[in-house]
Asker: 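Right, I'll just put the structure down here and ask away after.
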There are 2 protein chains.
Amino acid sequence: MDRVEWLTPEQLRAWIRFESVVELLPAVLDSQLHRDAQLTHFEYLVMAKLSESPDHVLRMTALAATTNSTLPRLSHVVSRLEARGYVERVPCPSDRRATNAHLTESGWAKVVESAPGHLRTVREHVIDLLTDEQVGQLDDIMAVLIQKLDPENSLRRLP
Amino acid sequence: MDRVEWLTPEQLRAWIRFESVVELLPAVLDSQLHRDAQLTHFEYLVMAKLSESPDHVLRMTALAATTNSTLPRLSHVVSRLEARGYVERVPCPSDRRATNAHLTESGWAKVVESAPGHLRTVREHVIDLLTDEQVGQLDDIMAVLIQKLDPENSLRRLP
DNA sequence: CCTAAGTCCTTGTCCCGACAACCATTCTGC
DNA sequence: GCAGAATGGTTGTCGGGACAAGGACTTAGG
């Protein structure tokens with residue numbers, strides 16, 4: 001292994017803090033949703049993305065992309081959501097390999113019901129703690145990191 | 001559920017990007033460590049914290065705190081690391097309820113061997129992508145979030 | 001003291017995510 | 001057209017993390 005330059009104290013401190021947030025934040029989001037809506041954060045995300053899409057339908061591949069997920073993972077989650085009546089699978093007419101995931105009425109209602117609580121959590125733990133300027137800085141920084149993490153920009157729908 | 005103000009476009013975009021990074025970054029760190037050192041990110045973190053500590057020893061409770069973890073989780077991981085010879089459990093002489101986790105020679109060697117690769121990954125995916133100014137902004141922002149996520153740095157979820 | 005409550009840690013069980021193997025359909029080159 | 005590659009999804013298995021319960025020890029109160 002080649003030599004790597006060590007971090008400066010400022011860089012190290014920033015990294016340790018960032019690392020901690022990355023570790024702790026998902027647990028907060030997960031637990032709020034699980035407590036208030038019996039949903040995983042990822043389950044919520046899947047339904048939320050469906051709800052933003054025309055006709056509440058997305059192909060599995062597209063849905064996997066927007067949720068930063070893999071197909072196997074998504075498939076399992078959709079099966080769970082299907083069992084609870086929130087989502088249904090519909091064969092894609094134009095490509096018979098493909099499957100469309102469709103948010104049911106019940107699923108839509110679930111999203112509408114649980115969105116405010118989730119939003120509140122996001123506000124309480126992130127957005128409302130920062131100044132507008134900091135939100136802008138966060139946006140810029142995360143844009144740079146995403147570019148590296150997800151070079152192909154498979155995440156569409158960035159407003 | 002009370003009404004919650006929706007996010008502005010700027011806030012929403014920042015949040016979606018941040019959310020994506022929080023989702024994707026751990027996978028990158030995990031996979032590098034697993035590939036190059038057969039270690040979980042959390043396993044590495046545990047050994048790293050031990051290696052920074054005097055005599056390479058920490059009480060389980062303290063170790064759980066510095067790694068943002070719970071005691072059950074830590075206990076399982078230490079068991080695994082013990083089975084691989086990287087860590088050993090030593091009863092604490094002053095408090096017989098307590099257990100000290102001690103990094104073995106082999107564990108120390110493992111940390112020394114795998115640290116550069118991990119550091120390189122952190123540099124490649126975060127630090128080296130940002131200006132010094134941005135690193136400072138990231139530090140400030142994460143400090144604010146940490147304050148909310150872990151108010152007294154003495155976390156541990158209570159039921 | 002001695003009992004009750006609190007602290008420190010371990011263990012068992014369940015569920016979710018990663019990974020690999022697999023099947024079905026569509027595309028490509030010749 | 002047709003063989004082989006590529007694409008789109010599903011399923012099975014395995015390992016790690018959350019949570020609940022329990023065991024061992026210590027401290028506090030009368």
Side-chain angles (χ1 to χ4, degrees), chain A residues 22-35 38-46 57-65 67-84 87-102 152 154, chain B residues 22-35 38-46 57-65 67-84 87-102 154-159:
Chain A
V22 165
E23 178 90 10
L24 295 174
L25 190 54
V28 170
L29 301 177
D30 251 1
S31 87
Q32 180 270 322
L33 277 168
H34 205 277
R35 175 165 40 79
Q38 293 71 250
L39 287 174
T40 300
H41 180 224
F42 184 65
E43 290 170 344
Y44 174 82
L45 194 59
V46 166
V57 167
L58 277 177
R59 283 178 56 162
M60 294 293 283
T61 304
L63 191 49
T67 55
N68 296 323
S69 170
T70 59
L71 229 20
R73 181 183 181 189
L74 178 63
S75 182
H76 279 129
V77 168
V78 166
S79 297
R80 262 180 274 153
L81 293 175
E82 208 173 12
R84 294 168 70 179
V87 169
E88 56 187 358
R89 281 181 228 248
V90 181
C92 176
S94 61
D95 184 340
R96 292 194 307 185
R97 295 170 298 181
T99 304
N100 284 328
H102 172 242
E152 299 314 317
S154 53
Chain B
V22 164
E23 177 92 10
L24 294 174
L25 189 54
V28 170
L29 300 177
D30 251 1
S31 86
Q32 180 270 322
L33 278 167
H34 205 277
R35 174 165 41 79
Q38 294 71 249
L39 287 174
T40 300
H41 180 225
F42 183 65
E43 289 171 343
Y44 174 81
L45 194 60
V46 165
V57 167
L58 277 176
R59 283 180 55 160
M60 293 294 281
T61 304
L63 190 49
T67 55
N68 296 322
S69 169
T70 59
L71 230 18
R73 181 183 181 189
L74 178 63
S75 182
H76 279 129
V77 168
V78 166
S79 296
R80 261 179 275 151
L81 293 175
E82 208 173 13
R84 295 168 69 179
V87 169
E88 56 188 357
R89 281 181 226 248
V90 182
C92 176
S94 61
D95 185 340
R96 291 195 306 186
R97 294 170 299 181
T99 305
N100 285 327
H102 172 241
S154 62
L155 61 152
R156 289 319 54 77
R157 351 226 190 291
L158 306 177

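Letters A, B, ... are given to chains in the order of the sequence lines, protein chains preceding strands, and every chain is numbered from 1.
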Asker: Can you tell me the distance, in whole Å, between the CG atom of A:N100 and the P atom of D:dT10?
Answerer: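 Those two atoms, CG and P, are 11 Å apart.
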Asker: What's the closest nucleotide to the side chain of B:P72 if the choices are C:dC8, D:dA20, D:dG16?
Answerer: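 Ranking C:dC8, D:dA20, D:dG16 by closest atom to the B:P72 side chain puts D:dA20 first.
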Asker: Who passes side chain to side chain contact (heavy atoms under 4.5 Å, CB included) against A:R73, sequence neighbours left out?
Answerer: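 Side chain to side chain contact (heavy atoms under 4.5 Å, CB included) check on A:R73 returns A:F42, A:S69, A:T70, B:E23.
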Asker: Which heavy atom of B:T40 sits nearest a heavy atom of B:E43, and at what distance?
Answerer: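 So the two residues come closest at N-OE1, 2.8 Å.
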Asker: So A:S75, base contact, sugar-phosphate only, or nothing? Heavy-atom distance under 4.0 Å.
Answerer: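 Answer is base: heavy atoms of A:S75 come under 4.0 Å of a base.
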Asker: Mind listing the closest non-hydrogen atom pair of A:S75 and A:M60 along with its distance?
Answerer: CA-CE, 3.8 Å
Asker: Rounding to an integer number of Å, can you tell me how far A:L63 CG sits from D:dG8 P?
Answerer: 14 Å
Asker: Send over the distance from A:H76 NE2 to D:dC14 P, rounded to a whole Å.
Answerer: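 Taking atom P of D:dC14 as the reference, NE2 of A:H76 is at 14 Å.
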Asker: Show me the protein contacts with nucleotides 23-27 of chain C, counting only N or O atoms at under 3.5 Å.
Answerer:
from: C:dT26; atom 1: OP1; to: A:R96; atom 2: N; distance (Å): 3.2
from: C:dT26; atom 1: O4'; to: A:R97; atom 2: NE; distance (Å): 3.4

Asker: If you check the B:R59 side chain, which of C:dC16, C:dC8, D:dT11 turns out closest?
Answerer: C:dC8
Asker: Work out which heavy atom in A:V46 is nearest to a heavy atom in A:V77; give both atom names and the distance.
Answerer: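 The answer is CG2-CG1, 4.4 Å.
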Asker: Please enumerate all residues that pass ring pair (Phe, Tyr, Trp, His ring centres under 6.0 Å) together with A:H41, with sequence neighbours excluded.
Answerer: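 A:H41: ring pair (Phe, Tyr, Trp, His ring centres under 6.0 Å) contacts with A:H118.
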Asker: Please compare A:A98 and A:R73 by the position of their nearest nucleotide in DNA chain D and report the one closer to 5'.
Answerer: A:A98
